[in-house]
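Bear in mind that the values here come from a model prediction, so they are computed numbers and not experimental data.
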Amino acid sequence: MSDDGDPTRVRLVSAPQVLREYALLADGHRGALIGPDGDVVWLCAPGWADPPLFSGLLGGRGRYLVEPVGPRFVWSGHYEPGSLIWVSRWVTTDGVVESREALLFPGDARRVVLLRRVHALDRDALVRVRLDPRADFGRAPLVDARRADGSWTARTGELHVRHSAGDRLRLTHDEALEGELHVPKGERHDLVLEVSVDPLVEPPPDPDVLWRITEQGWRASTPRLAGGDAQRDAALAYAVLRGLTSPGGGMVAAASTALPERAHAGRNYDYRYAWIRDQSFAGQAAALTGRYELLDEAAAFLTARVLADGERLAPAYTVSGGTVPPQTDLDFLPGYPGAPVRVGNWVRRQFQLDAFGEVLLLLAAAAHHDRLPHDSWRALDLAARIVEERWREPDSGIWELPAQQWTHSKLTCVAGLRAAARVAPTAVAGRWAALADAILADVGAHARHSSGRWQRAYDDERVDAALLLPGIRGAVPADDPRTEATRRAVLAELERDGYLYRFRPDRRPLGDAEGAFLLCGFTAALAAWQAGDRVSALRWFERNRAACGPAGLYTEEYDVGQRQLRGNLPQAFVHALMLETALVLGQTEVG
């Protein structure tokens, strides 16, 4: 129903859906979220952290709708293998309609190309189209709209827009393009949307050529995974990481901003930036596929940042290596239900010691595969020297909390130093190994609980699921009793219904304060596998692998009781750990 109550008209503003029903399109430079009614409700242009052109996800006016005409249809969809080419499928009372959706891949930094191919499978189809591009969070209307030779051209804000093969659309009184397309049985109708920083002066592109480029681009960019129960999901996880990674190596943590982790709890953040930790997770996971592009790109990005900023290394950057803007609330939009609209991120001011450990782990992995150029060796040496100088300082840690002597941060540095020592020249390997021993001795003296496990911080005896990671990464030998004692304590304290929570923030039952962390669930699977408990490892993996929607995408948190996704979509580091776990457990194989 429309906003004015007329059921024959399309709503001016998109109705929000639960997060599990959205699919992602991405091309390395930006990402679009598309809902079950064929509504593109989120797309930033020209880049990841620029203001959105379509902001219906947060209550803005921008949207791009393609759906069957009529009140009765049900939705489904799927990704084509090894890609982010999405196929929406609607069963109506009269027939079946599909719409193939993709961003042109590989993408162009200055021009967005969104492809939509409508297919009437078994009967003639009537499809409604509404294109309402509005830059700057919906505040810039469509202006200078003109139709010529089957295409519409216009501007919104500073962006130039062209919509081809939609000549039956008409300009509405509210400055949108709207109309209905008749697609005969068995035939297809192409729609091509271009959004550019520069004027679009060349002739409209051929949709067949664009689709061939996109298909070939995905085939060339994704590894061949063969066999195993999780083959399809692992291939999708890799495609998500590929789609979220810019050509310069910066990978956004998520395509979206301001989606709440908990309703009205004040925890909604802008994740359209590249976190050092996430880059490390993604590069190490992708390397296990035998394809090293994502490893190389992560190594290049981290190298540049370490050499440029040294001890001032920020936890996160823009994908081009710039400074993350300060956090700001936008009060002119209603936001996704449960949270205000928020852009920018305060994390840029934090010192996170474990980020240096993650740099060491990632660059050591690249060196192990003989893929570390000279500049990266310099970055490796610099990161180790910074750890040597600063490891005694309090830091904000993996969960970005007030600075303390976090055990996970120090043990991650131990793991990184040991990994670096294994690939380093003899002259420095001994020094790095000795430094790792010194840090471990200090942690052992101050963060070993009386029960024999690791505790969260030097002055915090609680358990924390993050403490599973350093054991997996090699901070101590696999059979170190502190590793197994920690694993058992984490599971006893933080597991519920086959999912794992980060820590107990207060006296409330687990699940009341926040959702289960899927990153932690996959980490539990790896820890169980390392401990030789294969049954538990597979149980953890399968339980957490299922915590997604029909599109197979993961958010950071999972609401166990309500079976809902929480937080920004999709969360890159969850897909990275899912991919790593699938490969380590043999639930998919490299072809």
Side-chain angles (χ1 to χ4, degrees), residues 14-27 31-43 54 56-57 63-105 114-123 125-130 181 183 188-193 207 211 214-215 218 222 230-240 242-244 254-256 259 545-555 563-565 569-571 575 578:
S14 305
Q17 309 290 335
V18 293
L19 296 182
R20 63 185 296 115
E21 295 194 335
Y22 289 107
L24 170 76
L25 313 178
D27 65 1
L33 293 178
I34 182 169
D37 52 359
D39 200 356
V40 179
V41 297
W42 185 254
L43 174 63
F54 303 134
L57 184 70
R63 66 187 303 195
Y64 184 15
L65 175 71
V66 174
E67 68 173 359
V69 173
R72 295 185 62 80
F73 59 84
V74 293
W75 162 87
S76 61
H78 68 277
Y79 282 108
E80 294 183 2
S83 77
L84 292 183
I85 299 173
W86 175 255
V87 179
S88 295
R89 179 183 175 89
W90 301 286
V91 178
T92 74
T93 53
D94 299 320
V96 180
V97 184
E98 290 186 346
S99 182
R100 195 182 193 211
E101 327 268 4
L103 288 173
L104 177 66
F105 184 81
L114 177 56
L115 309 175
R116 310 190 80 167
R117 173 170 282 177
V118 182
H119 184 194
L121 268 66
D122 53 359
R123 292 191 182 184
L126 193 61
V127 176
R128 177 185 294 113
V129 178
R130 180 178 173 85
L181 303 176
V183 185
R188 295 169 172 82
H189 188 100
D190 283 295
L191 302 170
V192 179
L193 173 64
W211 277 113
T214 299
E215 293 160 356
W218 281 112
T222 53
Q231 172 189 343
R232 177 185 176 190
D233 291 348
L236 175 59
Y238 187 97
V240 169
R242 176 74 274 174
L244 296 179
S256 62
L259 300 183
R545 180 164 75 104
C548 60
L553 303 177
Y554 300 102
T555 51
R563 292 186 170 91
Q564 294 292 347
L565 309 184
L569 179 77
Q571 191 76 25
H575 290 80
M578 183 274 165

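- Relative to the ring axis of Y64, R116 places its NZ or CZ within 45° and under 6.0 Å from the centre.
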Steps toward side chain to side chain contact (heavy atoms under 4.5 Å, CB included) verdict (V66, V127): CA-CA 7 Å; V66 174; V127 176; 3.6 Å; yes
Just do the side chain to side chain contact (heavy atoms under 4.5 Å, CB included) check on S99 and V118 with the steps written out, would you? CA-CA 4 Å; S99 182; V118 182; 4.1 Å; yes
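- The shortest distance between side-chain heavy atoms of V97 and L121 does not fall below 4.5 Å.
- Across A26 and G243, no two heavy atoms sit closer than the pair CB-O, 3.5 Å.
- Residues passing the salt bridge (charged side-chain N to carboxylate O under 4.0 Å, His left out) test with D190 are R117, sequence neighbours excluded.
- No donor-acceptor distance shorter than 3.5 angstrom exists from the side chain of S88 to the backbone of G38, with no hydrogens or angles considered.
- In this structure, the side chains of I85 and R100 come closer than 4.5 Å at one or more pairs of heavy atoms.
- Checked against the 6.0 Å centroid threshold, W42 and F54 do not count as a close aromatic pair.
- The two residues Y22 and Q17 come nearest to each other via the heavy atoms OH-N, 3.0 Å.
- The backbone N or O of D94 lies less than 3.5 Å from a partner atom in the side chain of R123, making a donor-acceptor pair.
- Minimum interatomic distance between L43 and A32 (heavy atoms only, all atoms of both residues): CD1-CB, 4.0 Å.
- Each of L103, T214, L236 was checked for a side-chain contact (heavy atoms from CB on, under 4.5 Å) with L84, and the lone residue meeting it is L236.
- The shortest heavy-atom contact between A239 and G82 is CB-C, 4.3 Å.
- Panel note: side chain S256, backbone L569; a donor-acceptor pair is recorded below 3.5 Å.
- Across all non-hydrogen atoms, the minimal contact from L24 to G31 is CD1-CA, 4.3 Å.
- Summarising the geometry, atom CG belonging to D39 is positioned 4.0 Å from atom CZ belonging to R63; distances are rounded to the nearest 0.5 Å.
- One finds the OH atom of Y79 at 4.5 Å from the CG atom of L553 (value rounded to the nearest 0.5 Å).
- Summarising the geometry, atom CH2 belonging to W211 is positioned 5.0 Å from atom CG belonging to L115; distances are rounded to the nearest 0.5 Å.
- Side-chain contact between V91 and S76: absent, with no pair of heavy atoms (C-beta onward) separated by less than 4.5 Å.
- Summarising the geometry of M578 relative to A237, their closest heavy-atom pair is SD-CB, 4.0 Å, with the distance given to 0.1 Å.
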Could you go through the side chain to side chain contact (heavy atoms under 4.5 Å, CB included) check for V87 and E80 one step at a time? CA-CA 7 Å; V87 179; E80 294 183 2; 3.7 Å; yes
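- A distance-only check finds a donor-acceptor pair linking the side chain of R20 to the backbone of R563 [under 3.5 Å].
- If you take OG1 on T555 and CG on L259, they are separated by 9.0 Å, rounding to the nearest 0.5 Å.
- When side chains are defined from C-beta on, W75 does not count as touching E67, because their heavy atoms never get closer than 4.5 Å.
- For the pair D122 (side chain) and G95 (backbone), a donor-acceptor distance under 3.5 Å is absent.
- Taking 4.5 Å as the limit, every side-chain heavy atom of V40 sits out of range of all side-chain heavy atoms of L193.
- F105 contributes atom CZ, which lies 13.0 Å from atom CD of E215 (distance to the nearest 0.5 angstrom).
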Take Q571 and Y554, measure what side chain to side chain contact (heavy atoms under 4.5 Å, CB included) needs, and give me the verdict at the end. CA-CA 6 Å; Q571 191 76 25; Y554 300 102; 5.7 Å; no
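- The CD atom of E21 lies 10.0 Å from the CG atom of L565; values are rounded to the nearest 0.5 Å.
- Under a cut-off of 6.0 angstrom, the local environment of CZ in R232 is sparse, with at most 12 non-hydrogen atoms contributed by other residues, nucleotides or ligands.
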